[in-house]
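Quick note: residue numbers are just sequence positions, from 1.
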Amino acid sequence: MLNFTVGPVQESEEVLEVGAQPTPYFRNQSFSKIMLENEAMMKELTFSDEESRVVFLTASGTGAMEAAVMNSFTSDDKVLVVNGGSFGKRFVQICQIHQIPYTEITVPMEEPLTKEMLEPYDGRDYTGFLINMHETSIGKLYDINMVSEFCKKNNLFLVVDAVSAFLAEPLNLSELGIDIMLTGSQKALAVPPGVSVLVMNKRAVDRAYNLDVRSMYFNLADALKNGERGQTPFTPAVGILLQIHRRLEELCKAGAIAENKRIADLAADFRKKVKDLPFRIFSPSPSNAVTAMIMENGKSAYALFELLESDYGMWICPNGGDLKDKIFRVGHLGALTFEDNDRLVEAMKQALERL
């Protein structure tokens, strides 16, 4: 199968090779060394300073979202949440569950986040800001530089879900003043799902150590303390962390900027090759990670997804709910090439004739 979803994504032979090995014992110096190297390489790829720390959670990206909120805010806070799709709504739900006072900034699906949308909250009594840098459900990228400026001006604690934006877009945590960035193993890291990663600056680390977090598994202070010796509080997804190590070595050798360009070039190549097909890019500000396309010929997007899977050995991303038959998404992360784009576009042309 050729994988054009946005996660899990196409994995390289080198990553698959690591995954085929027996899972080793991990409460030893060998595994600790690997984990400390994983932390150092994640800091390098996110342009984080020396005082920053990295936590590897055996959990989905949603687990990291919840951990970030739980370990950063209390009922004494008041946070702004950008809600422009399924994952923005998830941050809202997490705030509700943990009784964190919040205000939603609702962004219509086919509109970008603008300065005008932020202005009503300027100079008010807010303490935090939650945003999905890339609303993966509809392929919409938010202007993180604009958000950073707003948060710096208002001294807001900034939590950025970069699950699908990490490495697909330029992201310098130190310059942007991001307190917590989170991502997942199955996106640009291009290994199996099961591990989420939180990169925390000193302010976030201090806050995690000082809050009374009522959770055993999602207590980041405990994770940070264990991480000092290259370990985790509980049994981690050892095999996936070893695959992450191999992948991080590859990425650091090339550099984050080179990977940004590689993914951007793949996205641009695909968009150029489908310009004559009956599709329209859905988002006004598409990410390099994924292209959300709306069908303009009256045919079913979900039927296209099913036919590509069953008859052509290719996966694209379907949508659910009201968008099921209208929108599909094509990912540009992982071990994909321009030639793979050619194969997908040709398969789409054939499939459209058959629908």
Euclidean distance, [Y] [atom2] relative to [X] [atom1], rounded to 0.5 Å:
| X | Y | atom1 | atom2 | value |
| --- | --- | --- | --- | --- |
| Glu13 | Leu16 | CD | CG | 5.5 Å |
| Leu113 | Thr106 | CG | OG1 | 11.0 Å |
| Asn201 | Ile178 | CG | CD1 | 9.5 Å |
| Leu248 | Lys253 | CG | NZ | 15.0 Å |
| Ile131 | Phe87 | CD1 | CZ | 14.5 Å |
| Glu259 | Cys252 | CD | SG | 11.0 Å |

- Message: Taking salt bridge (Lys or Arg N to Asp or Glu O under 4.0 Å) as the cut-off, I'd like each qualifying pair that reaches into residues 274-295, sequence neighbours left out, listed once.
- Response: Glu110-Arg280, Arg280-Glu296

Quick one: do [X] and [Y] end up in the same hydrophobic cluster if we chain Ile, Leu, Val, Met, Phe, Trp and Tyr together by side-chain heavy atoms under 4.5 Å apart?
| X | Y | value |
| --- | --- | --- |
| Phe56 | Met70 | no |
| Ile100 | Ile97 | no |
| Leu323 | Leu304 | no |
| Leu57 | Val205 | yes |
| Ile138 | Met133 | no |

- Please work out whether the ring planes of Phe270 and His332 are parallel, tilted or perpendicular, with thresholds of 30° and 60°. tilted

Indicate whether any N or O donor in one side chain lies under 3.5 Å from an N or O acceptor in the other, for [X] and [Y].
| X | Y | value |
| --- | --- | --- |
| Gln231 | Ser32 | yes |
| Asn319 | Arg329 | yes |
| Glu169 | Asn288 | yes |
| Thr103 | Tyr126 | yes |
| Asp222 | Asn226 | yes |
| Ser30 | Asn28 | no |
| Glu104 | Asn83 | yes |
| Asp340 | Thr337 | yes |

More than 12 heavy atoms of other groups within 6.0 Å of [X] [atom1]:
| X | atom1 | value |
| --- | --- | --- |
| Glu175 | CD | no |
| Lys326 | NZ | no |
| Arg229 | CZ | yes |
| Gln99 | CD | no |
| Ile257 | CD1 | no |
| Met216 | CE | no |
| Lys153 | NZ | no |
| Asp49 | CG | yes |

For the residue pair [X] and [Y], establish whether any side-chain heavy-atom pair is separated by less than 4.5 Å.
| X | Y | value |
| --- | --- | --- |
| Phe305 | Glu309 | yes |
| Leu220 | Leu198 | yes |
| Val345 | Leu277 | yes |
| Phe150 | Glu119 | no |

Work out which heavy atom in [X] is nearest to a heavy atom in [Y]; give both atom names and the distance.
| X | Y | value |
| --- | --- | --- |
| Ala162 | Leu171 | CB-CD2, 3.9 Å |
| Leu333 | Ala168 | CD2-CB, 4.0 Å |
| Val9 | Gly334 | CG2-CA, 3.8 Å |
| Pro170 | Asn260 | CA-OD1, 3.5 Å |
| Ala221 | Ala208 | CB-O, 3.7 Å |

- Message: Whether Lys152 and Glu149 form a salt bridge (side-chain N of Lys/Arg under 4.0 Å from carboxylate O of Asp/Glu) is what I want to check.
- Response: no

- Query: Less than 4.0 Å between a side-chain N and a carboxylate O, is that true for Arg354 and Asp311?
  - Reply: yes

Looking at [X] and [Y], would you say the former's side chain and the latter's main chain have a donor-acceptor pair under 3.5 Å?
| X | Y | result |
| --- | --- | --- |
| Ser196 | Gly184 | no |
| Lys187 | Phe166 | no |
| Ser72 | Ala68 | yes |
| Arg247 | Leu189 | yes |
| Asn132 | His134 | no |
| Ser285 | Leu141 | yes |
| Ser174 | Phe47 | yes |
| Asp269 | Asp265 | no |
| Asn297 | Lys299 | yes |
| Asn154 | Leu156 | no |

In residues 37-45, what donor-acceptor pairs under 3.5 Å come from side-chain atoms, sequence neighbours left out?
from	atom 1	to	atom 2	distance (Å)
Glu37	OE1	His245	NE2	2.6
Glu37	OE2	Lys33	NZ	2.5
Asn38	ND2	Leu241	O	3.4
Glu39	OE2	Arg53	NE	2.9
Glu39	OE2	Val54	N	2.8
Lys43	NZ	Glu50	O	3.0
Lys43	NZ	Ser52	O	3.0

- ring pair (Phe, Tyr, Trp, His ring centres under 6.0 Å) evaluation trace for Tyr25 with Phe31: CA-CA 8 Å; Tyr25 183 64; Phe31 187 72; 9.3 Å; no

Side-chain polar contacts of residues 88-96 - donor-acceptor pairs under 3.5 angstrom, sequence neighbours left out - could you list them?
from	atom 1	to	atom 2	distance (Å)
Arg90	NH1	Thr62	OG1	2.8
Gln96	NE2	Tyr102	OH	2.8

- Apply the test ring pair (Phe, Tyr, Trp, His ring centres under 6.0 Å) to residues Phe157 and Phe129: give CA-CA distance (whole Å), side-chain angles for both, the deciding distance (0.1 Å), then the verdict. CA-CA 6 Å; Phe157 189 95; Phe129 198 104; over 10 Å; no

